[in-house]
Amino acid sequence: MAETAAVMEQRKPKKSSLAKRNTERFLRNKLAVMGLLIVLFVVVLCLIAPLLTDYDPAKISLSERIQAPSSTHLFGTDKIGRDVFARVLYGGRMSILIGLSGAIGGMILGVIIGSFCGLYGGWLDSFFVKVAELVSSIPQLLLVLVLVAIVGQSMRNLIFVFIFTGWIATFRLVRGRFFSLREESFVEASRAFGISNVSIAFRHILPNCLGPVVVQLTLNTAGFILQEAALSFIGLGVPSSVPTWGNIMDAAKEIMVISNYPWLWVFPGVAIALFVLGVNFFGDGLRDVFDPNQM
Amino acid sequence: MLKYFFQRMLLLIPMVIVISLLAFIGLELTPGDPLTAMLSPDQMSSMTTEELDAMRESLGLNDPMLIRYGRWVINLLKGDLGISVMSGSPIKDIIKNLLPATIILTMVALVVSTLIGLILGIFAAIKQNSIVDYLSSVLGVLGISIPQFFIGILAILFFAVRLQWFPAQGRTDIGLNFWQSLKYLVLPSFSLGITLTAALMRHTRNSMLDVLNKDYVKTARAKGLPEWKVYTFHVFRNAMMPISVMILLRLPMLIGGAVVIEQVFGYAGIGNRLLTAINASDYQLVLIIILLLSIVALFASVLIDLFTAVLDPRVRLGSSKNQGGA
Amino acid sequence: MNEKQVKLPNEHDKDVLLNIKDLKKYFPITAGFFKKTVGHIRAVDDISLYVKRGETVGLVGESGCGKTTLGKCIVRLQQPTAGALEYRFGEKFSDMLQLSKKEKFAAHRKIQMVFQDPYSSLNPVKNIFTAFDEPMRVHGMKNPEERKEKIAHLLESVNLPADYMYRYPHEFSGGQRQRICIARALCVDPELVVCDEPVSALDVSIQAQVLNLMKDLQDKLNLTYVFIAHDLSVVEYMSDRIAVMYLGKIMEIAKSKSLYYDARHPYTEALLSAIPIPRIEEKKGRIILEGDVPSPANPPKGCRFHTRCRKCIDICTKEEPKFLPTKDDPEHFVACHLAETVDPSELES
Amino acid sequence: MSEQLNENILTLKGLKVQFRVGRRLVKAVNGVDLNVRRGKTLGLVGESGCGKSVTAHAIMRLLPKAGFIPEGEVTYYSNEGTVDILKHNPKGKTLRDLRGRQISMIFQDPLASLNPVYRIGDQIVENIRQHNRVPKEAAMKRTVEMLKQLSIPQAEKRVLDYPHQFSGGMKQRVMIAMGLINDPELLIADEPTTALDVTIQAQILELMQDLQKKLGFTIIIITHNMGIVADMADDIAVMYMGKIVEFGSKREIFLNPAHPYTKALLKSVPVLGSGSNSRLEPIRGNTPDPSEMPEGCTFAPRCDFAMDICKTDPPNFDVGGGHMSRCWLCKGGNGQ
């Protein structure tokens, strides 16, 4: 038997066949690959912003106010002479950071509460279900507005607010998966071996939730970036001193700007749309990969 | 059915109570109190701390929170919504003037986007895997990826500024001039509804395809029914159930979106007023508006829920529960 | 009821491995806003049954008769509402429901289960090695090399190459998966394996592979099986004794041969005659049962089967028949007023 | 057509059905020839994925979108004339007139086969009124009569119920009532009892036989259960990997099976009463993936008698008396 083990050691594949199959499935979806490329492209551009432009996004230059795009200012300048290209790049950093950290925070919170409720059930479970129902029936934007009105305007608060509203989808998902996976035979088999509930939850059930959770993460990231933009646009998101895609666009509240200086809002607007589009396509692709019906 | 209706309605009550409580706590947490709201800064500075305290006491502001909450709710129910600090006018009047405009905007957006979303979704499902289907799925993702306000701005640029088909800003009361008011409605409701349209289209397509794979559709075809009958009576009717759930989930987003869109189009609605109130720290007004909008959203969701129940006899009649050992 | 029979096998017999006593499992039915309990599904309703070492006891019945619930109670995936599950641990015979936490955990090594659906029985995100490794580790096989060798050995014993252990469930067919599941159940060296419809999800040509494999493993490892299935022909092929269940109760239990040739309960007769036989020589008259199985939440008064029984007499609607051995065969039990059974008084010691 | 009705009600010649799954082409049915005798019962047996269900759907032209029929001939002979089923548009009037009136089909899962949002009665009435100009009330009356004939208790009340209020066996009765309501000539039953319990299965099978005697329609019963065909069928066709490997009368198939697959199938299932002493003889290996069909005889890789010649596709050999077998072993003409 010993040599069998040795032979097996050699045959052990480097990459798991599951990962390989999932990768293949993902690569088959052209739109998803395109989405991933878009996301990577935008993220990289934002990260290497200092290499791409010498302008400081906050630097006011009254002598260069409202210049149309040119070779010196790729995307033109705004009303107080700041370089729009630099602002879009640096703003992207902030927007993506806010969206992603809000979504990740919400995911962590949702996974924790969801797996707790899914594992133990009981009155705590019903409590969280009611809370989730309540929070999700109030228009999210209004909730954000109230919270911003109460805790004040700052980037940290906004992320906090997103986490507070964003855990629900993940919570429902994880809880639901727990409830359905609990009935699956492989979980019962583990229980028949006497393996503890906590161990089953973390080793068997949770890994099976991760796919859908990651899909939800992409959805939330996309949603939060859109919300941040909307909030900042109406002046209630991130303080205007910090450039974000939404903040840059708030100039477009005037008809004059809309009709005469489109570069002030078209570029950040396209940046948001492009990035969110990429995230959504990517998420769609992931959903196809993780769809349990195809397992 | 009636029983189901009352059950749903009863469930609303605790929800409304909790929301109002949250709103009240929110009000408590905001800087300043009703006194600051009632008195002008000049009056405030002229009074001593003792005098202010005495006034608070006489107004019952030092009472325990629950009592004050009760008083607040009773006032609300009596129709006394308080006074807006910013404008000095009663909040009731502000709501009366502005809420209908917002509801009209959202309703138009909801109805139009539902119709368009359904039609496109059904079409995409029938022509599955065709170019039409492919294009519409790409458009569907595009629709949920572009910020609503960006679409609004683009709409202003093209349809108002360039083509001058519709006015860019403002609104007219329906009562004053019907056609004129419609003109003002087109662009905001279009921008507001487009996200829902896209999402609904994707959802409708998937739901239809789901139902199309069901055995009872095969049964319907095996009866020799023509395709149009199969689609209308057997596929669509069943596909509607998940679709209406989806509309339900999107409804709060629609109301939230209205706040932003009103800002873009300078549309004098409650959302627009909400923003000015926040900027002016008119918290009483802010919370009343949010309370109202939340209740509207809740109420609408119950209506859609009931609609789903009407569609599905299993919900309506209570499905027989068969659990337990196999 | 059969606790203290003199002439019948009971818990004092050395070869009785498991003795189920008056086992009940009720599931509450809840309704309304406040999840008020409005009734109970009596999935398993007062069942007594013994299993001897090395034998296969078949449990057969239609859907909803409680056979799976009974199986799950034996593996303690379900906590019984009442009753006892006595199991022989070495020399000692003790009720598994009364054990300490540590003993309960150790008892899981003794009794394992194979499930119906081979597709959901394996965790889709874990490879076969991990699926086997974890239970062996928690049950005290500390040496990883030993574990790996054992996994290889187990896979080979179910006719699969050892290096399949690094594969994931999606790479296997249904029959292969079920063989893997059987091997997994054996990885902690159990004595008793509860097989819950192990072949009903498989294609007919694959069923025989799995059934034969199970028989071979039983001979090789001296396993005891509780074999649950709705298909009486499969149960008959596998079992030494067969228990026929209806609405949470055992109606009849007997040696396979006696059950087939000498069924005493009208339900067993109907069940036997309802099974289509792939032969054309023998054509016996079919007994068609009227109507549907009543709800286990509200079983008929008296004999549970009386609503569909063609031999139903007055007493059947009023009094529940006792589950008693027949006069000529002490191992043949039946719960029917019309069957010739020993007098209950004769049973007392 | 001729005065004398054709002895067969349905004939299939070289029917092929294929599916596009992604970029792959799955050959589900690969050249099926079949004659269905009028007024008799044909049993189509095979394991899952062998193409038996697809064949039935092809006859009804109810294939899913990904499926198509590259070649073949399906001819339906009725008292109203002969219909070349594959020549017509599956959604066209000719075939729609046939479906539900001349040819009916019932499916495996009665729960899924009934539309959950409509009353049982309305779903049957829909079938009547699709093919007959009758007022609603008359159609409903007929529906109630039919349900009574299928021994559904309190039929007058039950027509107003929704599918979820019926048990599985009752639902399948409703499906049969729906299928037979227009007095069809051919009933295709696709695994009609697989989702049901054995005692309910016995009820349904008995019912189908009784009704057939009374109304005289033809049945094609599709199943994986050799026991059911032994019970129900006059003729039996055994399918494996998209082909009919053996065809013959029930007696021939059971007493004198010619194809190794049929033989193996009969030996691999436990038979009630034979006890646990006899050992089953399993068929080696797995059913191959339909998209990677083996060359030549598709059963050869699992066959104990495989020879070199099995690498080429065996034709249909007549073993005698209309008993056909696709196996090189039967080349001589006797079934050994």
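First the proteins, then the strands, lettered A, B, ... as listed; each starts at 1. Note that the structure is a prediction, hence the values are computed from the model and not measured.
- Taking SG of D:C50 as the reference point, atom CG of C:D203 lies at 8.5 Å (rounded to 0.5 Å).
- The two residues C:E236 and D:V271 have their closest heavy-atom pair at OE1-O, 3.7 Å.
- Counting heavy-atom pairs under 4.5 Å between each of C:L259, C:N212, C:L271, C:L289 and chain D puts C:N212 at the top.
- Checking side-chain atoms of C:Q209 against main-chain N and O of D:G285 turns up a donor-acceptor pair under 3.5 Å.
- Nearest heavy atom pair, residue C:E62 against residue D:D197, reads OE2-CB, 3.1 Å.
- The contact between D:R251 and chain C is made by backbone and side chain atoms together, counting heavy-atom distances below 4.5 Å.
- Within the 4.5 angstrom heavy-atom criterion, only side-chain atoms of C:I288, from C-beta onward, approach chain D.
- Proximity to chain D is limited to the side chain of C:Q176, based on heavy atoms less than 4.5 angstrom apart.
- Scanning all heavy atoms of the two residues, the minimum distance from C:Y267 to D:T199 falls at CE1-CG2, 4.5 Å.
- Contact record, C:P278 with D:F254: O-CE2, 3.2 Å, taken as the closest heavy-atom pair.
- Rounding to the nearest 0.5 Å places NE2 of C:H230 at 8.5 Å from CD of D:Q201.
- No donor-acceptor pair under 3.5 Å is formed between the side chain of C:D292 and the backbone N or O of D:G169.
- With a 4.5 angstrom heavy-atom cutoff, C:S205 touches chain D via backbone and side-chain atoms both.
- Top candidate by heavy-atom pairs under 4.5 Å with chain D, chosen from C:G175, C:S233, C:G174, C:A270, is C:S233.
- Partner of C:I275 under the side chain to side chain contact (heavy atoms under 4.5 Å, CB included) criterion, out of D:D231, D:N225, D:L272: D:L272 alone.
- The greatest number of non-hydrogen atom pairs below 4.5 Å with chain D, out of C:D216, C:I287, C:V235, is found for C:D216.
- Within a 6.0 Å radius of CD in C:E290, other residues, nucleotides and ligands contribute 12 heavy atoms or fewer.
- Contacts between C:L232 and chain D at a heavy-atom distance below 4.5 Å involve backbone atoms as well as side-chain atoms.
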Next item on the list: Output, in order, the C-alpha distance, side-chain angles, deciding distance and verdict of side-chain contact (heavy atoms from CB on, under 4.5 Å) for C:V204 and D:M226.
Entry: CA-CA 10 Å; C:V204 273; D:M226 287 302 262; over 6 Å; no
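- Of the possible polar contacts, one joining the D:Q203 side chain to the C:G291 backbone as a donor-acceptor pair under 3.5 Å is found.
- Of the listed residues (D:I200, D:L205, D:V229, D:V269), the greatest number of heavy-atom pairs within a distance under 4.5 Å of chain C belongs to D:I200.
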